Amino acid sequence: MSFNSFQDYLRYLEGQGEVVRISAEVSADLEITEITNRVTKAHGKALLFERVRGSRFPVVTNAFGSYKRLAMAFGQTPDEIAGKIESLITLKVPQGLADKMKLLPRLLELVRIPPKTVTRAPCQEVVHTDPDLSIIPALTCWPHDAGKFITLPLVVTASPEDGTRNMGMYRIQIYDKTTTGMHWQIHKDGRSHFSQYARAKKRMEAAIVIGGDPATIYAATAPLPPAIDELLFAGFIRNKAVEIVRCKTVALEVPAWAEFVIEGYLDPEERRTEGPFGDHTGFYSPAEDYPVFHVTCITHRKDPVYPATVVGPPPMEDAFLAKATERIFLPLIRTVVPELVDMNLPVEGAFHNCAIVSIEKSYPMQAQKVMHALWGMGQLMNTKMIIVVDGDVNVQDLSAVAWKAFNNVDPARDLTITSGPLDALDHSSPYPLHGSKVGVDATRKIEGETVRAWPEEIRMSEDIIRLVSDKWKEYGIP
Ligand SMILES: Cc1cc2nc3c(=O)[nH]c(=O)nc-3n(C[C@H](O)[C@H](O)[C@H](O)COP(=O)(O)O)c2cc1C
Ligand SMILES: [Mn+2]
């Protein structure tokens, strides 16, 4: 199952009873946030707001706000996607013709996934060459937000050096009819393209895509290495090429089935205050200077819907997208950290602040090796706290982790305090963008790490467990 567009996905969700239509008039100013927040926190359905004050277009929130809907969006669970990746990277060199023939269908699958250029696209059914951003029902999410923000945008750029495309989700503050902020943080790929344009003293083109098929929307949030095209990755997830179309006023290609596309450019010298914005840490990110995007054209479908998300005190909808990343990227991390068994990025940590990992330990100080490996890896470099437990501990069970962390840790030996880059949203460190980090080695200590014998964990013997289960009714305990 794969969807062409966000609307296709929405229709499918509705068929599955996963959508609530709200026909009462609502305001995009705070009201949609309060409704969405209540529904997301109650593990509720996707919300289709049919009548948004002052807007011709309906607004959808919470489309990805449950594990069930996420699996529907991908046509498979994130674990199944991880399995596909794992089978690709553990591919054995084929021995003989029979082996090669078996490989063929899998390789053909891969041939199908690069984006495919089309000349006519739904996202260009309506073209506004005299653009006005006020047609977009962007939300003002929280009381102290600086204004309206596009909260689920896919920002497409290309490197001026080698043409590599990038598509990242960076929130867009709307300043007026034709200008917006561009909140790509310093560690992100779009921002590194921007620096390349600045070095070359060249104006930068960009396109802000709203909508697209669900795998494409997710791909914009995925922490892929810079050289990997997010649209190729979306094709891999969907098992089907993403159709793309050339923009009207900039030399970029965008998903053809998007709801809206905002085309424009950035001057590498220009900055303007962006924010404050109620962010996914649950705190406001402060007003800061960011680049400015100038709109040259807006295109959209004849009858677009506007997908949005609301971030704020966790858990919110983005928690589910991030949990998908936690699952999907596990096999890739394991190629470098083979002892890694599982990983939990608790939603309360807003993904950069806490990682709990389990490992199969075979030599002293291996937990410390794993911490440092993760602190050196992609966006995990921003992780503030890493808790390492043994492979038999379920990292998703916070009580099990706390038991080990409280009882196994000798602070002087087992806490590693270091420093390094932090996420742009971190507010705890004395200076922005960097600060201290802590690793907690909560594994059982082995020879070489302690001179004492490590105690055995208490477990009932199997035969008694079976006996008590068999006799349970006899005891008369309800
Ligand atoms: C709802 C949502 C909003 C986000 N907003 C921003 C943002 O404003 N700025 C930013 O740098 N990253 C933001 N992110 C995280 C990036 O999308 C993520 O780090 C992604 O990997 C960036 O793509 P890149 O690796 O191609 O730069 C957001 C993620 C989500 C799910
Ligand atoms: Mn990227």
Side-chain angles (χ1 to χ4, degrees), residues 1-13 57 60 63-64 70 72-75 112-128 131 136 150-159 163-172 182 184 189-190 193 205-222 224 228-264 293 295-309 321 324:
M1 163 81 60
S2 75
F3 306 100
N4 272 331
S5 68
F6 184 76
Q7 288 199 43
D8 276 0
Y9 169 56
L10 194 64
R11 221 168 291 126
Y12 176 81
L13 287 185
F57 310 123
V60 177
F64 303 103
L70 212 56
M72 290 175 174
F74 295 146
R112 282 209 305 266
I113 62 172
K116 193 172 119 208
T117 305
V118 297
T119 49
R120 289 169 59 85
C123 70
Q124 295 178 336
E125 284 168 348
V126 179
V127 178
H128 300 273
I136 291 175
I150 299 170
T151 51
L152 214 52
L154 326 181
V155 179
V156 176
T157 57
S159 160
T164 314
R165 178 178 28 232
N166 193 69
M167 185 178 73
M169 185 168 289
Y170 318 116
R171 72 171 184 237
I172 299 294
M182 182 58 78
W184 42 46
D189 295 342
H193 283 177
E205 294 184 333
I208 301 166
V209 176
I210 303 167
D213 70 274
T216 295
I217 296 175
Y218 163 71
T221 75
L224 292 166
I228 296 185
D229 184 349
E230 280 80 4
L231 288 171
L232 177 74
F233 187 60
F236 172 78
I237 293 175
R238 284 159 38 100
N239 212 0
K240 188 175 160 198
V242 177
E243 291 188 347
I244 53 176
V245 68
R246 168 98 179 193
C247 285
K248 294 291 180 188
T249 60
V250 295
L252 291 166
E253 290 178 309
V254 290
W257 292 82
E259 302 296 317
F260 297 86
V261 179
I262 308 167
E263 305 177 6
F293 178 79
V295 182
T296 51
C297 180
I298 299 177
T299 72
H300 59 77
R301 298 176 66 146
K302 258 200 314 275
D303 298 300
V305 301
Y306 175 75
T309 191
L321 295 170

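Reckoned from all heavy atoms, side chains included, excluding hydrogens, waters and symmetry mates. It should be emphasised that the depicted structure is a prediction, and the values quoted were computed from it without experimental measurement. Index from 1, following the sequence.
- Listed for the Thr299 side chain is a donor-acceptor partner under 3.5 Å among the backbone atoms of Cys123.
- No side-chain heavy atom of Leu252 sits under 4.5 Å from any side-chain heavy atom of Thr157.
- A donor-acceptor distance shorter than 3.5 angstrom exists from the side chain of Gln7 to the backbone of Asp303, with no hydrogens or angles considered.
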Is there a side chain to side chain contact (heavy atoms under 4.5 Å, CB included) between Arg120 and Val118? Walk through the geometry before answering. CA-CA 6 Å; Arg120 289 169 59 85; Val118 297; over 6 Å; no
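- Residue Ala207 comes nearest to Cys247 through the heavy atom pair CB-SG, 4.1 Å, listed as atom of the first residue, atom of the second, then distance.
- When all heavy atoms of Ser5 and Pro214 are compared, the pair lying nearest together is O-CD, 4.1 Å.
- Under a 3.5 Å cut-off, the side chain of Glu263 and the backbone N or O of Cys297 do not form any donor-acceptor pair.
- Ring geometry for Tyr306 versus Phe260: interplanar angle over 60°, hence perpendicular rather than tilted (30 to 60°).
- Residues Asn4 and Lys240 form a side-chain contact, since some pair of their non-hydrogen atoms from C-beta on lies under 4.5 Å apart.
- Contact annotation: the side chain of Val156 never approaches that of Leu231 to less than 4.5 Å [non-hydrogen atoms, C-beta and beyond].
- Considering every non-hydrogen atom in both Gly235 and Val242, the closest pair reads N-CG2, 4.0 Å.
- Nearest heavy atom pair, residue Glu205 against residue Thr249, reads OE2-O, 4.1 Å.
- Not a single donor-acceptor pair under 3.5 Å links the side chain of Glu259 to the backbone N or O of Gly211.
- Rounding to the nearest 0.5 Å gives a distance of 13.0 Å between OG1 of Thr119 and CZ of Arg246.
- No side-chain donor-acceptor contact under 3.5 Å links Tyr170 to the backbone of Val155.
- With values rounded to the nearest 0.5 angstrom, Leu154 atom CG is found 10.0 Å from Glu230 atom CD.
- Here the CG-CZ distance, from Leu13 to Arg11, works out to 11.0 Å after rounding to the nearest 0.5 Å.
- Minimum heavy-atom separation, Ile244 to Arg165: CD1-NH1, 3.8 Å.
- One N or O on the side chain of Glu125 and one on the backbone of Lys302 form a donor-acceptor pair closer than 3.5 Å.
- Between the NE2 atom in His193 and the CG atom in Asn166 there is a gap of 5.5 Å [rounded to 0.5 Å].
- Side-chain N or O atoms of Thr151 include one that pairs as donor or acceptor with a backbone N or O of Thr309 at under 3.5 Å.
- Using a 4.5 Å cut-off on side-chain heavy atoms (C-beta onward), Pro153 and Met169 make contact.
- Note that CE of Met167 and OG1 of Thr216 are 5.5 Å apart. Values are rounded to the nearest 0.5 Å.
- Smallest separation of non-hydrogen atoms from Ala215 and Arg238: CB-CG, 3.5 Å.
- With contacts defined as side-chain heavy-atom distances shorter than 4.5 Å, the pair His300/Phe57 qualifies.
- Phe6 places a side-chain heavy atom less than 4.5 Å from the side chain of Val60.
- Looking only at side-chain heavy atoms (C-beta outward), Ile210 and Ile262 come within less than 4.5 Å of each other.
- Separation of the Tyr218 and Phe64 ring centroids does not fall under the 6.0 Å cut-off.
- For the atom pair Leu152 CG and Ile172 CD1, the distance stands at 11.5 Å (nearest 0.5 Å).
- Taking the side chain as every heavy atom from C-beta outward, Lys248 and Thr296 never approach each other to under 4.5 Å.
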